[in-house]
Amino acid sequence: MDLLLAVVGWAGAAVLLSAYALVSSGRIQGDGLTYQVMNLFGAVGLMVNSAWNAAWPSAGLNLVWAAIGVVALVKLAKVGAAR
């Protein structure tokens, strides 16, 4: 289980860093679906890993980060439905 959750954490970190690099390089938009989904999955991966390792400040941060991602995705869905 430790190995699996380590992989989940590293994957989450890789996804978050990739999302940031893609936005910073102008390859995707920060308010777009791709960025928000990447942020959500990255935050969840890090949150799970942090909670498993009892790194509560990091787990809390990533819980909030994931919640922000969910809110952004809901807003994107509403905008898409309105079109």
Side-chain angles (χ1 to χ4, degrees):
M1 187 61 101
D2 286 340
L3 177 61
L4 173 63
L5 291 171
V7 169
V8 167
W10 281 109
V15 170
L16 278 177
L17 288 172
S18 296
Y20 182 67
L22 289 168
V23 166
S24 295
S25 66
R27 297 180 75 192
I28 62 174
Q29 296 297 314
D31 59 353
L33 180 64
T34 301
Y35 180 71
Q36 296 303 329
V37 169
M38 290 177 78
N39 259 326
L40 177 60
F41 280 101
V44 168
L46 284 173
M47 179 183 56
V48 168
N49 178 272
S50 297
W52 177 260
N53 289 297
W56 300 116
S58 180
L61 168 72
N62 283 292
L63 175 65
V64 172
W65 197 283
I68 291 168
V70 168
V71 169
L73 287 171
V74 168
K75 285 183 180 180
L76 283 172
K78 286 181 182 178
V79 168
R83 288 183 187 177

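Every value quoted in this text rests on a predicted model; they were computed, and no experiment measured them.
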Side-chain donor/acceptor pairs under 3.5 Å, residues 48-57, sequence neighbours excluded:
| residue | atom | partner | partner atom | Å |
| --- | --- | --- | --- | --- |
| Asn49 | OD1 | Asn53 | ND2 | 3.3 |
| Asn49 | ND2 | Leu5 | O | 2.7 |
| Ser50 | OG | Leu46 | O | 2.8 |
| Ser50 | OG | Ser58 | OG | 2.9 |
| Trp52 | NE1 | Asp2 | OD1 | 2.8 |
| Asn53 | ND2 | Asn49 | O | 2.9 |

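Applying the side-chain hydrogen bond (donor to acceptor under 3.5 Å, both in side chains) definition to pairs two or more places apart or across chains, those involving residues 10-35 are Tyr35-Asn39.
For the side-chain contact (heavy atoms from CB on, under 4.5 Å) test, residues two or more places apart in sequence or in another chain that qualify with Val70 are Leu40, Val74. Partners of Val71 under the side-chain contact (heavy atoms from CB on, under 4.5 Å) rule, at least two apart in sequence or in another chain, are Lys75.
The hydrophobic cluster containing Val37 does not contain Trp65, counting ILVMFWY residues as joined when their side-chain heavy atoms lie under 4.5 angstrom apart, directly or transitively. If you chain together hydrophobic residues whose side chains sit under 4.5 Å apart, Leu73 and Val44 fall into the same group. Under the 4.5 Å side-chain heavy-atom criterion for Ile, Leu, Val, Met, Phe, Trp and Tyr, Leu63 and Leu16 are members of distinct hydrophobic clusters.
Of all heavy-atom pairs between Ala72 and Gln36, the closest is CB-OE1, 3.2 Å.
Through direct or indirect side-chain contacts shorter than 4.5 Å among Ile, Leu, Val, Met, Phe, Trp and Tyr, Leu3 is connected to Val7.
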